[in-house]
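Small disclaimer: the values here were computed from a predicted structure and weren't measured. To find a chain, count down the sequence lines: A is the first, B the second, and so on, and within it residues start at 1. Below, each value reflects all heavy atoms present in this structure, side chains not excepted, and no hydrogens, waters or symmetry copies.
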2 protein chains.
Amino acid sequence: MPDLSIDVVAKAAGVHRSTVSRAFSRPEAVKSETREHILRVAEGLGYTMSPLAQALRRKTSTFIPLIVPDITNPFFAELAKTMTQAADERGYQLLLCVTNGDPAKTDGYFTAMQAMYAPFGIVAPSTKVDTEALKRFDFGHKVVVIDRVEGDDAVPTVTVDSRRGIMLALDHLHSLGHTSIGYVSGIAGTHTAQDRMDAYLELSAESGSAPVVLDSGSDLDAGTRGAEHYLAMDNPPTAIIAANDMVAFAVISALGQSGVRVPEDVSVIGFDGLALGARFNPALTTIRQPIADMGHIAIELAEKQNADGSVDHIVLEPELLVRASTSGPRA
Amino acid sequence: MPDLSIDVVAKAAGVHRSTVSRAFSRPEAVKSETREHILRVAEGLGYTMSPLAQALRRKTSTFIPLIVPDITNPFFAELAKTMTQAADERGYQLLLCVTNGDPAKTDGYFTAMQAMYAPFGIVAPSTKVDTEALKRFDFGHKVVVIDRVEGDDAVPTVTVDSRRGIMLALDHLHSLGHTSIGYVSGIAGTHTAQDRMDAYLELSAESGSAPVVLDSGSDLDAGTRGAEHYLAMDNPPTAIIAANDMVAFAVISALGQSGVRVPEDVSVIGFDGLALGARFNPALTTIRQPIADMGHIAIELAEKQNADGSVDHIVLEPELLVRASTSGPRA
DNA sequence: CTGAAAGCGCTTACAG
DNA sequence: CTGAAAGCGCTTACAG
C-alpha cells in the first residue's frame, strides 16, 4: 500500500482534496453522485483515512483509554472484553492501559491520552481514585470511573450497589440456616471493597450476629490468610463471604489443601460473577455484577457528558447466583 | 494544558523549532548547553512531544498491536501483561486488539495498525495463522507470531516445544505409576494445540499404551465433555492430561460435580502454568510455558527483523510444575 | 455544492 | 551546530 493519501484519491476521482474529505466525514455536505463516485474510487484503491492525520487536525480522536490495574485479574479482563465490543459498536478503539497498581503509570497514561486527543477515558480503579490527579489534566474532566468517587461529583461513575450485594449474600446464607458467617476482604484499596466490608459489618450487627473478619488485607493473598485464620479457630463460622470471586477461589483452594471441603464443611460465597466461577471446584455461588452493562453504561455516560456536560452516577443492581459452593451448615 | 506545541517551546527557549525537535529526538546533534536549556524550558512548561504528529511525519510510530483472540482467557491475559511491560521497557506502547476469534477483525486491526504506522505487530493466534492474510499487508512481513506457522518461513515465531511438554507430563505420570492416561484436547484450532495432541498420540504409542482421547473438541467445553466421557467409561484412565490449564479446570470442576475427586480418584495435569492454577482446588500440576520470556522474545524478534531482515524461529523449553492435582493411582 | 488556502504538531534534508 | 523551508495526511472556515 504505497502512499495512499487523500490527494491521490482526489486526483483519481478528479475532485479537490477537500471534497474527498467531505465525502467521508460529512457525506450530506456533498452531492450524492459526487460522493458515490469518490467512495467508489477510494474503495477501488483500497483507501482509508488516516486516523492519525484526522486526530491531529480535528484535535479529537476515537481512541479511548481503559485504565485497569491488572488485566490478569478476570474481573478487569471481562470488563475489557465487553468494553472493547461496546467501543467498537460506537466507532471507538479501546486502548487498554495496565498500571500494575502504579499511580505514576496512571498519570503517564493520562498525558499520553491527552496527547492522542482521546475524547474521554474510562478508569477502573484498584485504589481510591485520586481526584487531584484527575484534576491535573483537562482530561480529568472527561473520565468516567467504575467505582464510587469521594469528594468530586464532577466525574461520572458506574457502580454496583455493594450493600445490596452483601445483603443478598447474607440472606442466602441465613436462609440456608447459617448463623455464623465470616468475611474475607478483597482488594481493599477501592471504595467498592470498603463498601462491601462496611455493609458486612453493619448488616451482621443488625441481624444480631457477631461479625468474624477472617482477613482484611488488600492483596491477593487475603484468601490464603483468611483460610489460615479459619483453620486456627476453635469455633469457625459455618459460612464465608469473600469480597470477590478471586479471593473466594483462594479461600477454597487453601481450605482444600487442609482437607476442609466446600460446601460440606463450610459454605463459601463470592462477589463478582466471573465466568470462571462456573468452572471452579466446586462451582462458585456468588453475587453477580452486571459487568457488560457497566461497560456499556460507562461509555454512554462519557458520551453524554461530552454532549451536554451532564454528570451521572449510576448504581446497578447485583444479583444472587446460586451454584455449588453453598449449602446448609453441617448438622 | 493549552496548545503546548513545539513552537511555543521554541519561542520560550529562544531557538528555532527544528532545534527543539533535535534536542528531543537526536540529542547528540545539538550543543549540550542548548539542549539542556531547551529541555529545562520544556520541562518547566510541562511539554511533551505529540506522538501523533511524530508518527505522521516520521511514518513510523511506537504503537505496537498485540492481537489476541480473547483477553478473558488467562493465558492471553498473562501474555498481555508481560508484553505490556516488555513494550514499555523499550519505549513502545502496546495496543491490545481482541478479535473474539473473528478473522475479519484481525484484518481490520492490521489495516488500522498500518494506518497508525506501527513498526510491527504481535499475533497470538486462536486459529491457524492465515499466511495469505498476512501477505495482503505490507504489515504482514513485520509480524511475529506466537505459534508455529506453516508454509511461510518469512514470519518470525516463538513457541514452546509441545512434544517436550507432553513428554514431561507423560513421564511425570508414568513415574507416579500411571499406565492408563487419557487426554482432553484444547482450543484445537492452533498448530500448538495440534502439536500437543499429536505428541500425546505418538508418545503413548511409543510407550506401548493405548491412547484414550476423552475429547478432541476445540472449545472451552472440551473439559466438560471430556469429564462426561470419563464418567461414562467402564475402565477409565487413572490420569488425564489436559491440553491447557483452562481445560484442566473444567475437567476437575465437572468431575467434582459427580463426586470424582482429584487426585484421589484420578490425577489431572494441565499445560500452560497459569498463575491461577496455584489457587485452584486442588492446586494444579501443569507444564509451565515461559510466558514472560515469550513476550520479551517476540518483541526482540520483531526488532531484529526490522533491523537486519533476519527471521528467527525460537522454540522454548517447557517445565514440569508439580502441585497437588497429581498423585499415584488408587491402589 | 466545490475549490483554494491555511494550519494541526512535528521532522528532515538543505544551507550556512 | 542552528535556522528556514517543505511536507506528513488530513479538516475547516472562507469564497464562489
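Comparing atom distances between the Thr19(A) side chain and each of dG3(C), dC8(D), dC10(D) picks out dG3(C) as nearest. Listed nucleotides dA4(C), dA6(D), dG9(D) differ in distance to Arg17(B); the shortest reach to its side chain belongs to dA6(D). With distances taken from any side-chain atom of Leu56(A) to the nucleotides dG3(C), dC8(C), dT11(D), the minimum falls on dC8(C).
Residues Phe63(B) and Phe120(B) place their aromatic rings such that the two centres sit no closer than 6.0 Å.
Within a 6.0 Å radius of CD in Glu33(B), other residues, nucleotides and ligands contribute 12 heavy atoms or fewer.
Side-chain N/O atoms of Arg57(A) and base N/O atoms of dG9(C) include no donor-acceptor pair closer than 3.5 Å.
Put simply, Gln54(B) has a side-chain N or O that comes within less than 4.0 Å of OP1 or OP2 on dT11(C). Between Ser18(A) and the phosphate of dG3(C), there is no side-chain N or O to OP1/OP2 separation shorter than 4.0 Å.
A donor-acceptor pair is defined here as one N or O able to donate and one able to accept, closer than 3.5 Å; no such pair exists between the side chain of Thr192(B) and the backbone of Asp147(B).
Atoms CE (Met116(A)) and C1' (dC10(C)) sit 15 Å apart, rounded to a whole Å. Between the C1' atom of dG3(D) and the CZ atom of Arg35(B) lies a distance of 19 Å, rounded to the nearest Å. If you take NZ of Lys59(B) and C1' of dG9(C), they are 16 Å apart, rounded to a whole angstrom.
Comparing Gly14(A) and Phe24(B) along DNA chain C, the residue whose closest nucleotide (by nearest heavy atom) sits nearer the 5' end is Gly14(A).
Here dG16(D) sits opposite dC1(C) as a Watson-Crick or G-U wobble pair (both hydrogen-bonding atom distances under 3.5 Å).
The pair Arg22(B)-Glu28(B) fails the salt-bridge criterion, with no side-chain N (NZ, NE, NH1 or NH2) lying under 4.0 Å from an Asp/Glu carboxylate O.
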